[in-house]
Amino acid sequence: MSSTVHTGPATPTRDRTSELQRYLAWTPALLGGVIALLGCILAGGGAYLVSLGGSLYYVVAGAMLIAAGLLMIKGKIAGVYTYIGAVAFTAIWTFWEVGLSGWELIPRLVGPFVLLILAILVAPLLDRTIGRRARKWGLIGAGGFAAALAVLIPIFNQQAAPNQLPEAHANAPFADSAYAPKKGEWNAYGGGQSAQRFSDLAQITPANAKDLKRVWTFHTGDIPKKYGSELTPLKIGNAIYGCTPMNKLFKLNAATGQKEWMYDPEVPASWVPYTAACRGVAYYENPKAAAGEACAARIIEGTLDMRLIAVDAKTGQPCQDFGKNGAADLKVGLAQKDSANGAITPVVPGTAAITGVPVIVHGVVVTGHQVLDGQRRWAASGVIRGYDAVTGELRFAWDINQPEVTKLPPDGKPYSLGTPNMWTTAVGDEKLGLVYLPMGNSAGDYYTSLRSDEEKKYSSALVALDVETGKPRWVYQTVHNDVWDYDLGSQPTLVEFPTAGGKVPAVLLPTKQGDMFVLDRATGKPLHQVDEVAVPQGGAEPDQRSPTQPFSRYHTLRKPDLVEHDMWGISPIDQMICRINFKRARYEGPFTPPELDRHNLEYPGYNGGSDWGSVAVDPQRGVIIANYNDMPNYDKLLTRKDADAMGLFPAGDPRAAGSASSAEGAGAQTGTPYGILVNAGWQMPTGVLCTRPPYGGIRAIDLATGKTLWDRPFGSARRNGPFGMPTFIPLEIGTPNNGGSVVTAGGLIFISAATDDLIKAIDIKTGEIVWSDVLPAGGQAAPIVYEQDGKEYVVIMAGGHHFMMTPGGDSLIAYALPDKK
């Protein structure tokens, strides 16, 4: 019997292995080509950055990547080793530059580590003798990367350890009970007349908030194209009152959310400004009305088409005693200058609108209106007017440049063109007969040479207006000759403030630049130190810049000045580009003025600090809750010729259709020498911002001292990512946020506001999120808390916001604890 050696089974295996190796033989060269290309980009851009005085890292790293890539293309294992050296160099540089700042590590390390794993995987194709070791290295590298993430993830959610919060006191030391809402109600936009956004309900606590469930949802049926529902409704008696983005008024049953009536004032779509929004309504009871009389209690709102509407709170029918058929026309007296021929013309629809909530003091409805940013220097007037809450009769007008005009201008002439306006919501003091107006800028925000002395006095200032005379009692300015669009967006808050001489009725004023001021309500004098600090000079109008600006020493949300390593991105390349643009721009800290031939960096930007969401105050604990934004703007002035070439024309100009003027921040500023481009938030084409997270936070502040009690990033990354793609990462990166909070005696903060489409409950003592729920749309609004039939409810408007790029919706949603069995 002959013996035969069978080798058949081994041959196909070797053949398959050889075939696979031949099939993959090109991958090291491909990876090497990618690495070499990246190296060329980094080395070239890095050289330019060095010429601007920036970091040397990108030149050195780029050179190492070029060498690694070329060696890999040539089939040399030394290429892998060289790349490993480049990653080691990158890691050392990263930790030297930013330490363990979690989010700042991402653009520096994630991309290089991904390529490192790929390099280790192709190493056996370059040197077969290290195949087994390379596989081990791959596992070690992947395991090390996972371990690094496990260590660093907690860093991403780092927050300051909470300081000891004051204990709650039943006598509410920082509140005046006359200005508080009735227990369990929400009878004004800010909760009560004090606008503290505080509820004295305590049924829901940090311990049981996890049990909150949706109990009803009301759909308004109103989602306009340029949506931005910012509603904070009222709860009075057994009813909820609110408005839709297109000003449809409604009344709901507070227990069930069932609609009782809806009134449509039929606002034309042409009157929608940049965003269709109605932040809320006002409630007024006529003290002279007989019981059961129509409109004895009424709901009053301002509309996008510049009307004041009054309807019966019980039936929703227009109040026939108010104006004409229940409406007062606020377009009367308004005009603008035509951009083409200089003629005085009626206001272009959509360039003036009321989105804020009227305030009622001494029976006078006081309202301002917004004037569309960036369009015309001689736009509609920012005149402030007061109307009788019963008759709708014009009681007064405050025209900054025509103080002698106390009602309508004579002979059909218009109110002064382009004066500072109040687009947000004021707060009133019934005892003093004052309404506190957070004023904006003159039209043409980024050019000041054409402003009158009176405009410069009252712009970006808090003005205490006497509702009996319609005249200013005092003014406190937060920005001198504002050329940064730092208008006052927050509704101020009334508090009883402790001083060495006892409690003083005070007004708390947050600003977009991050400062907080506490002013004596009667005099406007600061109750804390304010310094006039020297600020950068020069810019396009050097003779216009104030040598100093006021900086509050009570409290600021302002973060340290930006530096080069604060630049961010999703990779080393776009981070390098942001570094280059940072170095090219003019930035010398706060209040760096805009220039004509160079970008300037404005930090915080016009959506920084506190905006229209305002702050909340717990008067029992003496704590301020402030959610805030922390983003710059990247601005550039343009000559009139360049602005025209770019299609920057004002709204109403036939050439403006589809032009860049339709974008927020892009402004023709017709009537001035310059147009303006504003990159709000300083976004890259990828949609990623150029500065490091967090972009938003929430902070607890001791009201008595201004001391920070805790501070944390606010807004998760679940819906954020490059090119608008959600990452679904649940970590609190700190996102842009617009909309306010409410605090409760139960020790909770309820807030949505961020771009993650969540409503959250936060423990006021620690800043810990104890409950959240996913909303069907963005929650760019402030919630309310109320009680009905012994149950505590939390209600939020989930309508989304196109500027915040959150989904649109029409849902007013109520939450409560389950009934006890």
Please check if atom CZ in R584 has more than 12 non-hydrogen atoms from other residues, nucleotides or ligands closer than 6.0 Å.
-> no
Run the numbers on I84 and L116 for side chain to side chain contact (heavy atoms under 4.5 Å, CB included), then give the verdict.
-> CA-CA 7 Å; I84 291 172; L116 175 62; 3.6 Å; yes
What side-chain donor-acceptor pairs closer than 3.5 Å can you find for residues 57-66, not counting sequence neighbours?
unit_1	atom_1	unit_2	atom_2	d
Y57	OH	T90	OG1	2.7
Y58	OH	Q575	OE1	3.1
Y58	OH	R579	NE	3.0

Derivation and outcome, side chain to side chain contact (heavy atoms under 4.5 Å, CB included), residues I577 and M567 = CA-CA 9 Å; I577 294 171; M567 300 305 104; over 6 Å; no
So with a 6.0 Å cut-off around NZ of K76, is the heavy-atom count from everything else above 12?
-> no
Please step through side chain to side chain contact (heavy atoms under 4.5 Å, CB included) for the pair T94 and L105, ending with a clear verdict.
-> CA-CA 7 Å; T94 294; L105 302 179; 3.4 Å; yes
Does K512 make a cation-pi contact with Y628 (under 6.0 Å, within 45 degrees of the axis)?
-> no
Are any of the side-chain heavy atoms of S490 and D611 separated by less than 4.5 Å?
-> no
Are the side chain of S460 and the backbone N or O of D482 linked by a donor-acceptor pair below 3.5 Å?
-> no
Report the residue from H802, K226, Q780 that forms a side chain to side chain donor-acceptor pair (under 3.5 Å) with T275.
-> H802
Compare all side-chain heavy atoms of V535 with those of Q537 and state whether any distance is below 4.5 angstrom.
-> yes
What are the two closest non-hydrogen atoms of H480 and T548, and how far apart are they?
-> CD2-O, 3.3 Å
Enter the distance from S716:OG to I729:CD1 here, rounded to the nearest 0.5 Å.
-> 9.5 Å
Is the backbone N or O of Q544 less than 3.5 Å from a side-chain atom of N481, with the two atoms forming a donor-acceptor pair by type?
-> yes
Quick one: CD on E602 to CD on Q513, what's the gap to the nearest 0.5 Å?
-> 9.5 Å
Would you kindly check if the NZ (Lys) or CZ (Arg) of R640 is within the cone defined by 45 degrees around the ring axis of Y674 and under 6.0 Å from the six-membered ring centre?
-> no
Passing option when P594 is tested against V678, D445, L637 for side chain to side chain contact (heavy atoms under 4.5 Å, CB included) = L637
Return the minimal non-hydrogen interatomic distance between D566 and D561, and the atom names on each side.
-> OD2-O, 4.0 Å
Heavy atoms, side chains only, cut-off 4.5 Å: are T592 and L601 in contact?
-> no
Do D642 and K636 pass the salt bridge (Lys or Arg N to Asp or Glu O under 4.0 Å) test, and can you show the C-alpha distance, the side-chain angles, and the key distance before you say yes or no?
-> CA-CA 11 Å; D642 288 343; K636 187 177 183 181; over 6 Å; no
With rounding to the nearest 0.5 Å, note down the distance linking CZ in R108 to OG in S571.
-> 12.0 Å
E564 (side chain) donor-acceptor with S55 (main chain) under 3.5 angstrom | yes
Is a donor on one side and an acceptor on the other found under 3.5 Å between the side chain of Y587 and the backbone of L562?
-> yes
What orientation do F582 and W682 show, parallel under 30°, tilted 30 to 60°, or perpendicular over 60°?
-> parallel
Of the non-hydrogen atoms in R586 and P593, which two are nearest, and what is the gap between them?
-> NH1-CG, 3.5 Å
Flag the pair W484 / F591 as yes when their ring centroid distance falls below 6.0 Å, and as no otherwise.
-> yes
Which value, rounded to the nearest 0.5 Å, describes the distance between N679 atom CG and D635 atom CG?
-> 8.5 Å
Decide salt bridge (Lys or Arg N to Asp or Glu O under 4.0 Å) for R718 and D756; before the verdict, give the C-alpha distance in whole Å, the side-chain angles of both, and the deciding distance to 0.1 Å.
-> CA-CA 6 Å; R718 62 180 294 272; D756 55 11; over 6 Å; no
Determine yes or no for a side-chain-to-main-chain donor-acceptor pair under 3.5 angstrom, with R545 supplying the side chain and G538 the backbone.
-> no
Decide yes or no for M516 and T511: does some side-chain heavy atom of the first lie under 4.5 Å from some side-chain heavy atom of the second?
-> no
If we ignore angles and hydrogens, is there a donor and acceptor under 3.5 Å between the side chains of N600 and E595?
-> no
Check whether any side-chain heavy atom of M72 sits under 4.5 Å from a side-chain heavy atom of L31, and report yes or no.
-> yes
No-hydrogen, no-angle side-chain donor-acceptor test under 3.5 Å, H555 and R699 | yes
For F551 and V533, what are the C-alpha separation, side-chain angles and deciding distance, and is it a side chain to side chain contact (heavy atoms under 4.5 Å, CB included)?
-> CA-CA 7 Å; F551 283 67; V533 178; 3.6 Å; yes
When you look at R712 and E768, which way does the salt bridge (Lys or Arg N to Asp or Glu O under 4.0 Å) test go after all the steps?
-> CA-CA 9 Å; R712 60 163 300 148; E768 178 188 1; over 6 Å; no
What one should report as the nearest heavy-atom pair of N627 and A753 is ND2-CB, 4.1 Å
Find out whether D574 and P685 are in side-chain contact, i.e. whether some heavy atom of one side chain is under 4.5 Å from a heavy atom of the other.
-> no
Would you say the side chains of Y606 and D373 form a donor-acceptor pair under 3.5 Å?
-> no
L557 and I701 have their tightest heavy-atom pair at CD2-CD1, 4.5 Å
For N441 and D487, test the side chains for any donor-to-acceptor distance below 3.5 angstrom and give the result as yes or no.
-> no
Search all heavy atoms of A36 against all heavy atoms of L70 and return the closest pair with its distance.
-> CB-N, 4.4 Å
Rounded to the nearest 0.5 angstrom, the CG-CZ distance for D630 and F714 is 14.5 Å
Tell me the disulfide bond (SG atoms under 2.5 Å apart) pairs involving residues 561-613, sequence neighbours left out?
-> C578-C690
D515 and T556 side chains, donor-acceptor separation under 3.5 Å = yes
R719 and T806: side chain donor to acceptor below 3.5 Å = no
Under 4.5 Å between any side-chain heavy atoms of W103 and P713, yes or no?
-> no
With rounding to the nearest 0.5 Å, note down the distance linking OG1 in T639 to CG in D644.
-> 8.5 Å
Would you check if Y83 and L115 make a side-chain contact, meaning some heavy-atom pair closer than 4.5 Å?
-> yes
Does T708 reach the main-chain N or O of W710 with its side chain, forming a donor-acceptor pair under 3.5 Å?
-> no
Check the angle between the aromatic planes of Y634 and H599 and answer parallel, tilted or perpendicular using the 30° and 60° thresholds.
-> parallel
